**Q** 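Let me give you the structure first, and then I'll get to my questions.
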Amino acid sequence: MSGLDSELPDDSQQFPTKLRVIAIDGPAGSGKSTIAKHLARRLGLEYLDTGAMYRSVAFAVMVHGVDLADSAAVVEVAKNSRIHVDESTVTVNGVDATTQIRGPEVTRSVSTVAAIPGVREVLRVRQRAWAIERGGGVLEGRDIGTAVFPDAELKVYLSASVKVRAERRANEVAALDYETVATDLAARDAADSSRQHDPLIQASDAIHLDTTELTIDEVVSNLVERLNTDHD
Ligand code: DC
């Protein structure tokens, strides 16, 4: 992983030099989390929801009453926040934020937080360290294959129709209705794809799968097959 070597600390002996990283990117509701979780289980790897990390910073910004327009202050919040994300729980500075990071206030502010280069830098370093500590993993987000791990073993770009994506999100969060979700989703898609730093775009060497009509099993099996074929 040449792209990563320069990031390794001097005592890199303690880390495996070969990382097994699977990068899954795509817009909200495209199936990234579900597919990443299932694929990680099939491959015996851990899974990281990097969107939850951006949401955690947005949550901390909200808790501290920091002005979203004050980028330097938001970056300070990112630097000073202890964020712990695992498959079932998210804590921010020791506080359980699992539910609140999915709420409407965080969802509306997260694209603004994610557009700040200093915030992206802080989280990118932590995402790389997370994978290095584990010898790899399945990471999902918007820029994993383009910016965080450009040398990932497999890069996947998932998409789905706006209607299906909004339905999936509305089903995940009981308090939200379809119309509200669809409007927020369209606004977030536009912001995430048009931002200057690490926008949501498909990496040129990523596999594109439209999950609108596919089952979880179909997508996961397709990816496992590709991994096996690529190593033959
Ligand atoms: O996956 P999600 O909807 O929970 O992500 C929340 C926001 O975080 C999303 O609107 C864009 C941002 N994000 C990002 O910019 N880069 C990532 N790697 C992951 C998420």
Side-chain angles (χ1 to χ4, degrees), residues 21-37 47-62 68 71 74-75 77-78 81 83 85-87 89-90 92 97-131 137-150 152 155-160 162 165-173 176 180-203 206 211:
V21 171
I22 316 294
I24 303 191
D25 292 303
S30 57
K32 297 187 303 291
S33 295
T34 310
I35 299 304
K37 258 182 227 167
Y47 145 81
L48 181 64
D49 173 359
T50 65
M53 298 173 78
Y54 285 93
R55 286 174 179 272
S56 294
V57 175
F59 170 78
V61 164
M62 184 178 89
L68 269 179
S71 299
V74 175
V75 173
V77 171
S81 297
I83 297 168
V85 176
D86 67 29
E87 275 213 24
T89 318
V90 175
V92 182
T98 314
T99 307
Q100 268 181 292
I101 62 157
R102 309 280 165 204
E105 204 171 338
V106 167
T107 299
R108 280 201 198 105
S109 65
V110 67
S111 285
T112 306
V113 168
I116 301 172
V119 171
R120 305 202 66 78
E121 164 117 40
V122 168
L123 296 188
R124 191 163 53 234
V125 168
R126 293 188 194 174
Q127 289 154 13
R128 287 178 180 160
W130 177 92
V138 180
L139 292 89
E140 61 110 333
R142 303 292 191 288
D143 64 337
I144 308 302
T146 50
V148 183
F149 282 106
K155 298 183 192 179
V156 186
Y157 186 89
L158 298 180
S159 64
V162 175
R165 293 195 289 120
E167 279 168 4
R168 287 175 184 164
R169 274 288 150 113
N171 288 337
E172 273 167 24
V173 186
L176 298 178
T180 310
V181 173
T183 309
D184 279 354
L185 200 117
R188 217 141 53 83
D189 278 358
D192 295 340
S193 306
S194 65
R195 70 176 174 227
Q196 195 187 345
H197 301 277
D198 310 328
L200 169 66
I201 42 163
Q202 184 184 336
T211 67

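All heavy atoms count here, side chains included; hydrogens, waters and symmetry mates do not. Whatever order the structure lists ligands and atoms in, that order sets their numbers, starting from 1. Source: prediction; values computed, not measured.
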**Q** Could you tell me whether some N/O pair between D192 and ligand 1 is separated by less than 3.5 angstrom?
**A**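 D192 vs ligand 1: N/O contact under 3.5 Å present.
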**Q** Numbering the atoms of ligand 1 from 1, which are under 4.0 Å from a heavy atom of D143?
**A** 16 (N), 17 (C), 18 (N)
**Q** Does any N or O in the side chain of R168 come within less than 3.5 Å of the main-chain N or O of G29, such that one atom is a donor and the other an acceptor?
**A**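 The answer is yes, because a donor-acceptor pair under 3.5 Å joins these two groups.
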**Q** CD1/I201 to OG1/T146 distance, rounded to the nearest 0.5 angstrom?
**A**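 Answer rounded to 0.5 Å: 5.5 Å.
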**Q** Please identify which atoms of ligand 1 are closer than 4.0 Å to at least one heavy atom of R120.
**A**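 Heavy-atom distances to R120 below 4.0 Å select 14 (C), 15 (O), 16 (N).
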**Q** Return the CG to CG distance between L139 and L48, rounded to the nearest 0.5 Å.
**A** 5.0 Å
**Q** Examine the proximity of ligand 1 to R102 and report which part, side chain or backbone, both or neither, has a heavy atom under 4.0 Å away.
**A** side chain
**Q** What distance do T211 atom OG1 and K32 atom NZ have between them, rounded to the nearest 0.5 Å?
**A**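 T211 atom OG1 to K32 atom NZ measures 10.0 Å (nearest 0.5 Å).
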**Q** Using a strict 4.0 Å threshold on nitrogen-to-oxygen distance, state whether D184 and R108 make a salt bridge.
**A** yes
**Q** Of all the atoms in ligand 1, which lie at a distance below 4.0 Å from a heavy atom belonging to A114?
**A**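 Ligand 1 atoms under the 4.0 Å threshold to A114: 12 (C), 15 (O).
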**Q** Heavy-atom distance to atom 3 (O) of ligand 1: which of H197, R188, Q127, K32 wins?
**A** R188
**Q** Does ligand 1 have an atom that lies less than 4.0 angstrom from a heavy atom of M53?
**A**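 Outside the 4.0 Å threshold, so no.
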**Q** Tell me if the CD atom of E105 is crowded by more than 12 foreign heavy atoms within 6.0 Å.
**A**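 No - once you tally the heavy atoms of other residues, nucleotides and ligands closer than 6.0 Å, there are 12 at most.
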**Q** Check whether D25 reaches the backbone of G145 with its side chain - one donor and one acceptor, N or O, closer than 3.5 Å.
**A** yes
**Q** Of all the non-hydrogen atoms in the protein, which one sits nearest to atom 20 (C) of ligand 1, and at what distance?
**A**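 Atom 20 (C) of ligand 1 sits closest to the protein heavy atom G51 CA, 3.5 Å.
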**Q** State whether the shortest distance between N or O atoms of R55 and N or O atoms of ligand 1 falls below 3.5 angstrom.
**A**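 Yes, R55 has an N/O under 3.5 Å of an N/O on ligand 1.
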**Q** Taking 4.0 angstrom as the limit, do R165 and D189 come out as a salt bridge?
**A**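 Result for this pair is yes, salt bridge flagged.
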**Q** Would you call R102 and D49 a salt bridge, using N to O less than 4.0 angstrom?
**A**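 Yes, charged N to carboxylate O under 4.0 Å.
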**Q** Among all the protein's non-hydrogen atoms, which is closest to atom 8 (O) of ligand 1, and how far away is it?
**A**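 That would be Y54 CB, 3.5 Å.
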**Q** Nearest protein heavy-atom contact for atom 19 (C) of ligand 1: which residue, which atom, what distance?
**A** T50 OG1, 3.4 Å
**Q** Donor-acceptor pair, R128 side chain versus V148 backbone, under 3.5 Å?
**A** yes
**Q** Is there a heavy atom in R169 that sits closer than 4.0 Å to ligand 1?
**A**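 It does, in that a heavy atom of R169 comes within the 4.0 Å cut-off of ligand 1.
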**Q** Side chain or backbone, does R195 bring an N or O within less than 3.5 Å of an N or O on ligand 1?
**A** yes
**Q** Starting from atom 2 (P) of ligand 1, what is the nearest protein heavy atom, named by residue and atom, and what distance separates them?
**A**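 Nearest protein contact, heavy atoms only, for atom 2 (P) of ligand 1 is R142 NH2, 3.6 Å.
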**Q** Check each atom of ligand 1 against the heavy atoms of S111 and keep those under 4.0 Å away; list them by number with element.
**A**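 Listed by number with element: 10 (O).
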